[in-house]
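What follows is one structure encoded as structure tokens, with my remarks underneath.
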Protein chains: 2
Amino acid sequence: MLTQQELVERMREWAVRVTPQRLAIAEVVLNSQDHPTVQQIYERVRDHFPSMTLATIYSTLGVLQKSGLIQELPFQRQSRYEPNMEPHVNLVCIECENVIDADTSSDVHDMVVSLRNSVTERSDFEVGWQRVDFYGLCPRCSAAKRRGELAEV
Amino acid sequence: MLTQQELVERMREWAVRVTPQRLAIAEVVLNSQDHPTVQQIYERVRDHFPSMTLATIYSTLGVLQKSGLIQELPFQRQSRYEPNMEPHVNLVCIECENVIDADTSSDVHDMVVSLRNSVTERSDFEVGWQRVDFYGLCPRCSAAKRRGELAEV
DNA sequence: TTTCATGCAAATGATTTGCACTGTA
DNA sequence: TACAGTGCAAATCATTTGCATGAAA
């Protein structure tokens, strides 16, 4: 986790001014675990900045992304935002639509890294970052389905 | 690659009728290598069905996806469609926006499979399919950038 | 004084939806 | 005859853009 000082420095690479609004947005996203949508970020930040608008959120998310601090994850309906830039795996439940990081043990990390190495070894593709999503049913929805509570998929 | 017969059977799981239009769309996507957008599919199918509309394309892509024949890949501006349901890696160029499958050697396949096994071993998440994207610069754009032809990224 | 972030409103554009029409089971 | 797929038009909605205002360098 970055200190606020480091965060400000990173943001200055792409934004001339780092305002309290931007800091608040950055902190909401960087401290999140649930890959929030723009709406969710908006709701969380609005507590501190009632005048906050979506345009400002989008603008700041753009800055954070260009600073390499977060990653946009486009989904079918809308994007979510990922503060974990380390190689890892996302588990996406197709039923409840929650997105969580898979157990971040070092060997999952290492496997993604070596997959990346293996791919770059044999192509001149210059990889900057990656997105690894596994889609399926989370334990809760999986159980609900077994109990017949879910419509057929 | 599926025979047309097998394709029809798979589609019948989710669509009562498999029309010539639907077959044409299915074949365009399933035979594609470039992860086409809806617009691209539209243009390719329109050669054979001048009356084709986007609504029909979207509808058919939904059927193909529910049949497990293709995968929708949402990107920032629009979705692309992936006919390769095998575990593999996509290389996404952030400059020219082309998307290609990484060299489909068996060990890349195996690495994705064991990553998947490793993740499911220690969680009750029921994985159905996966998306593995590496973002960066393709060889062509990478070279252009070194020659200074690209705006700073 | 110049620049840049904010907030608001309007625009954009991919995707979805409603509905009439038509061919097929 | 009933129904599912097609085609067209209209609606939806996330995201982007333009612009006036205000604060910071």
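So that the names make sense, note that chain A is the first sequence line, chain B the second, and so on, each numbered from 1.
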Give me, pair by pair, the N or O atoms of the protein and of nucleotides 23-25 of chain C that are less than 3.5 Å apart, along with how far apart they are.
from   : atom 1 : to      : atom 2 : distance (Å)
C:dG23 : N2     : B:Arg17 : NH1    : 2.8
C:dG23 : N2     : B:Arg17 : NH2    : 3.3

Where at least one partner belongs to residues 118-149 of chain B, residue pairs that pass ring pair (Phe, Tyr, Trp, His ring centres under 6.0 Å), sequence neighbours excluded = A:Trp129-B:Tyr135, A:Tyr135-B:Trp129
The residue, A:Val38 or B:Thr19, whose nearest nucleotide of DNA chain D is more 5′ is B:Thr19
Are a donor atom and an acceptor atom from the side chains of A:Gln76 and B:Glu72 found within less than 3.5 Å of each other?
-> yes
Residue pairs meeting ring pair (Phe, Tyr, Trp, His ring centres under 6.0 Å), one or both in residues 76-120 of chain B, sequence neighbours left out, come to none
Pairs where residues 37-51 of chain A contributes a residue and the test salt bridge (Lys or Arg N to Asp or Glu O under 4.0 Å) is met, not counting sequence neighbours | A:Asp34-A:Arg44
Reckon A:Gln21 touches a base, only the sugar-phosphate, or nothing at all at heavy-atom distances under 4.0 Å?
-> sugar-phosphate
Short side-chain donor-acceptor distance under 3.5 Å, A:Asn98 and A:His35 | no
If an axis is fit to five pairs at each end of the helix from C:dT1-D:dA25 to C:dA25-D:dT1, what is the angle between the two, to the nearest 10°?
-> 20°
Any sub-3.5 Å donor-acceptor pair from B:Ser32's side-chain atoms to B:Val29's backbone N or O?
-> yes
Output the rest of the hydrophobic cluster of A:Val113: all Ile, Leu, Val, Met, Phe, Trp and Tyr residues reachable through side-chain heavy-atom contacts under 4.5 Å, sorted by chain and number.
-> none
Can a donor-acceptor pair be found between the side chains of B:Glu82 and B:Asn90 at a distance below 3.5 Å?
-> yes
Side chains of residues 16-24 of chain A: which donor-acceptor pairs under 3.5 Å do they make with residues two or more places apart or in other chains?
from    : atom 1 : to      : atom 2 : distance (Å)
A:Thr19 : OG1    : A:Arg22 : N      : 3.2
A:Arg22 : NH2    : A:Ser59 : OG     : 3.3

Look at B:Arg77 and C:dA14 and indicate whether a side-chain polar atom (N or O) is within less than 4.0 Å of OP1 or OP2.
-> no
Bounds of contact between DNA chain D and chain A, in 5' to 3' order, using a heavy-atom cut-off under 4.0 Å = D:dA14 to D:dA24
Got a sec, which pairs hit salt bridge (Lys or Arg N to Asp or Glu O under 4.0 Å) with one end in residues 51-71 of chain B, sequence neighbours left out?
-> none
Test item: side-chain donor near acceptor, A:Gln78 and A:Thr37, under 3.5 Å = no
Which of residues 41-61 of chain B have a heavy atom under 4.0 Å from DNA chain D?
-> B:Ser51, B:Met52, B:Thr53, B:Ala55, B:Thr56
Listed by chain and number, what are the side-chain hydrogen bond (donor to acceptor under 3.5 Å, both in side chains) partners of A:His48, not counting sequence neighbours?
-> none
Would you mind listing every salt bridge (Lys or Arg N to Asp or Glu O under 4.0 Å) that reaches into residues 116-134 of chain B, with sequence neighbours excluded?
-> A:Asp103-B:Arg122, A:Asp107-B:Arg122, B:Arg131-B:Asp133
